[in-house]
Amino acid sequence: MKIKTQVYPIIDGLKESERTLLLPYLKEYEFTAGTVILRQGEVRETFHILLSGTVSVYLENELRVRIATLRRGDFIGEMSCFTGDTVSATVEAVDDVSTVSMSREGIQLMMDGSPAFRNHMIEAMVKRIQNSNERVMEEHVKSHVIINQLEQEGKQRYGKLIGGSKKMMELRYEIERLSEHVEPLCIVGENGVGKAHAAAAIHYHSRMESLPLLNIDSADFNLNMWDMKVRAAAGGTIVLRQAERLPAHIINEILQSSRETRVILTAESLPMMNAQQLHIAPLRERSEDTAELVHYFLEQAGAESPQDVISQEALRMLSLFPFLTGNVAELMRVVREAYIISNGRIIRNNHIRFGRHRAPGSRPTIGLALGSGSIRGAAHVGVLKALEKEGIPIDMIAGTSVGAFIGALYASGQPISEFERVLPTLRWRQLFRLNLSQIAIANNNPMERFMENYIGQKYFEDLNIPFAAVASDANTGEAHILRTGLVSQAIRATTAVPGLIKPVNIGGRTLVNGTVVHPVPVALVKSMGADIAIAVDVSAPTFTKTPGKNFVCSILKTMDMMSERMIQEELQVADVIISPQLGISRYHFKDSSIFIEEGERVAREAMAEIKDKIHPSTYRSYRRSYSPIL
């Protein structure tokens, strides 16, 4: 690399012969804002001269103390480079920073051969040490005041718990109850549900509220740092985040060694440990809190009348979305973005942006939402057939009822030819068995065996394509998304039609068909990460929704009518909608071939729209490398 030494502080003042001699020992670096350039306790054999940007220097002991702010011409890491000792302070980029580094060999060469360089370094280090000692003394005198200040800031940052749902009322009760104890506690819940928020609420409701509340992430965990944090907490509370990432023996060791300080663990899945537990429900299981949360976030964003700046349709759409990746935190981001996009006007559906922020030039991920519709669901096979023929990759699938049945089989690797062969020969008795009871006339135990006959006892994580199924909780009516466990059991749950099929118990929940909550799960596939969501709606057209010829048909038609409004709401989230024209209500598997053909025909008509959603150059580049599952 050719070094332009004339642009470098310190080095620019050297003689030409000295600069030439130094070139092999120099290297340029770029650091983005927030990057830790040097970390206290590390050993480094290089030091950096700042070319642009600003850095902060911290001592990290019981309290993080900032001792200096450095800019162009200052240097960092020189003492460790000289002596081989550990770095004495952490250096973090305040904004974008560029540096040139010099190795130990280079600095020794200059110290020996250049009096000007040696004098400059010695003077700067003496001044740095004097300033650091004065600042450290000052900060330690004020340490108790600063800790109290940080605690007050923590209270303000976490604020109150929002929501009046039954689950939120239960959570508040549990927080009050747990705040009266000091035993270790594990708070379990999905990302973004507010586990750290709940941990803070427990601390501030306890008799330890005046003592420190400190946090540590499992990614930064080591026993020395843990001991330091426990001492700093001094009888208060220490929160270990993402505890499931640590081995069980480490968790048990820190619980046993932290008797004078309360330990609260937060985790997405329960680690192996002996402690009390607090489960926080995901936002989708308390969707009645969504409106209150939205209004709160709008108020925080500066809206004077939060209730007046968002439409009811937009609120409804936000309530439908499952927020799989971020829950309340994700809702906050979506609401704030929508408020900015609306530019002071009323927030409507077109202002809401779900899903990830895709890197420019990367291929969009494509998700398929397969809807409910009994035998009409065979049309899903035709859609899949058309997409395969055109080389459109499917990155994820979400399904409800028959959509989940077809989607799970396809995600496991079943070829289209097998669907076309088997479906017309299928009979109801292969999937359901009469079993008269007070709550149903049949059960779908045979469906589990049917599924496993084709895919085996597969778990969701074993599938070739990421897949999720939608059921509903028979006791609360809430949507329940199935993404873990045995696939065959999940399909039984999502196809258990209330009044006809006996509910299915999974994980302590009584589950039935998901048609009444997410008949076409577009929001779910978007929340799974799809940039482009293709919705396949096989519901019966309005003009066919007449009274059924028998009891079974009547129930199925009633469910169709109940789900009609929800289908229209959820389809607003879709990027492409495929609606096979299945005007005649048929309930015999022998008609599957008719529906498959219609699904393929309509999907071909939508192909130009699908490709238009994918950038043409990107589409051509990945079509060549894609081969459908065979």
Is it true that a side-chain atom of [X] and a backbone atom of [Y] form a donor plus acceptor pair closer than 3.5 Å?
X    : Y    : value
N327 : P282 : no
D537 : S579 : no
R376 : V538 : yes
D289 : S165 : yes
S305 : D308 : no
N443 : K502 : no
T476 : E478 : yes
S527 : L324 : yes
S472 : N513 : yes

**Report entry** Test log, rule side-chain contact (heavy atoms from CB on, under 4.5 Å), inputs Y454 and Q414
**Finding:** CA-CA 8 Å; Y454 284 91; Q414 291 299 307; 3.7 Å; yes
Of the non-hydrogen atoms in [X] and [Y], which two are nearest, and what is the gap between them?
X    : Y    : result
P364 : D395 : O-OD2, 4.1 Å
I375 : F595 : O-CD1, 3.5 Å
V517 : G477 : CG1-O, 3.3 Å
S179 : E176 : OG-O, 2.7 Å
M607 : A386 : CE-O, 3.8 Å
V193 : A281 : CG1-O, 3.9 Å

Query raised in the report: Can you say whether the rings of F419 and Y410 are parallel (under 30°), tilted (30 to 60°) or perpendicular (over 60°)?
Result: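 Taking Y410 first and then F419, their aromatic rings sit tilted (interplane angle of 30° to 60°).
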**Report entry** Ring geometry between F321 and F323 (parallel below 30°, tilted from 30 to 60°, perpendicular above 60°)
**Finding:**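 Perpendicular: the ring planes of F323 and F321 meet at over 60°.
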Query raised in the report: In terms of heavy-atom contacts, does NZ of K167 have more than 12 from other residues, nucleotides or ligands at under 6.0 Å?
Result: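 More than 12 heavy atoms, drawn from other residues, nucleotides or ligands, come within 6.0 Å of this atom.
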With a 3.5 Å cut-off and no angle check, do the side chains of [X] and [Y] form a donor-acceptor pair?
X    : Y    : answer
Q581 : R601 : no
T325 : E330 : yes
Y296 : E292 : no

Query raised in the report: For E288 and K166, what are the C-alpha separation, side-chain angles and deciding distance, and is it a salt bridge (charged side-chain N to carboxylate O under 4.0 Å, His left out)?
Result: CA-CA 9 Å; E288 59 266 48; K166 180 181 178 181; over 6 Å; no
What's the separation between atom [atom1] in [X] and atom [atom2] in [Y], rounded to the nearest 0.5 Å?
X    : Y    : atom1 : atom2 : value
W428 : L426 : CH2   : CG    : 8.5 Å
T484 : Y459 : OG1   : OH    : 10.5 Å
M451 : S488 : CE    : OG    : 7.0 Å
L315 : T290 : CG    : OG1   : 8.5 Å
I280 : E170 : CD1   : CD    : 12.5 Å
R348 : Q572 : CZ    : CD    : 12.0 Å

Report task. Apply the side chain to side chain contact (heavy atoms under 4.5 Å, CB included) test between H380 and each candidate in I406, I397, L368, I578; give the one that qualifies. Result ->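 With H380 as partner, I406, I397, L368, I578 yield a single side chain to side chain contact (heavy atoms under 4.5 Å, CB included), made by I406.
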So do the side chains of [X] and [Y] get within less than 4.5 Å of each other, counting heavy atoms only?
X    : Y    : result
F589 : L431 : yes
T495 : V402 : no
I596 : E420 : yes
T494 : L511 : no
I532 : T365 : no
H518 : L320 : yes
I341 : I352 : no
H480 : V470 : no

Query raised in the report: When you check the gap from the basic side-chain N to the acidic O, do K195 and E268 get nearer than 4.0 Å?
Result: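 Answer for the salt bridge query: no.
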Report task. For V328 and R286, run side-chain contact (heavy atoms from CB on, under 4.5 Å): C-alpha distance rounded to whole Å, both residues' side-chain angles, the deciding distance at 0.1 Å, then the answer. Result -> CA-CA 11 Å; V328 176; R286 55 182 188 94; 3.5 Å; yes
Query raised in the report: Run the side-chain contact (heavy atoms from CB on, under 4.5 Å) check on V309 and I346 step by step: do they pass?
Result: CA-CA 4 Å; V309 298; I346 295 177; 5.7 Å; no
Requested in this report: Step by step, work out the salt bridge (charged side-chain N to carboxylate O under 4.0 Å, His left out) result for D473 and R509.
Outcome: CA-CA 7 Å; D473 190 308; R509 289 176 178 268; 3.0 Å; yes
Report task. In sequence, state the C-alpha distance, the side-chain angles, and the governing distance for E313 and R316, and then conclude on salt bridge (charged side-chain N to carboxylate O under 4.0 Å, His left out). Result -> CA-CA 5 Å; E313 292 77 12; R316 177 64 180 163; over 6 Å; no
Query - Worked check of salt bridge (charged side-chain N to carboxylate O under 4.0 Å, His left out) between K526 and D531 - result: CA-CA 7 Å; K526 274 281 190 180; D531 297 313; over 6 Å; no
Requested in this report: With side-chain contact (heavy atoms from CB on, under 4.5 Å) as the test, would you mind laying out the steps for E337 and H351 before giving the verdict?
Outcome: CA-CA 8 Å; E337 287 184 0; H351 298 133; over 6 Å; no
Query raised in the report: R284: what forms a side-chain hydrogen bond (donor to acceptor under 3.5 Å, both in side chains) with it, not counting sequence neighbours?
Result: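 Listed in chain order: E190.
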Report task. Among residues two or more places apart or on two chains, list those pairs meeting ring-ring contact (aromatic ring centres under 6.0 Å, His included) that have a residue in residues 487-510. Result ->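 The answer is none; no pair qualifies.
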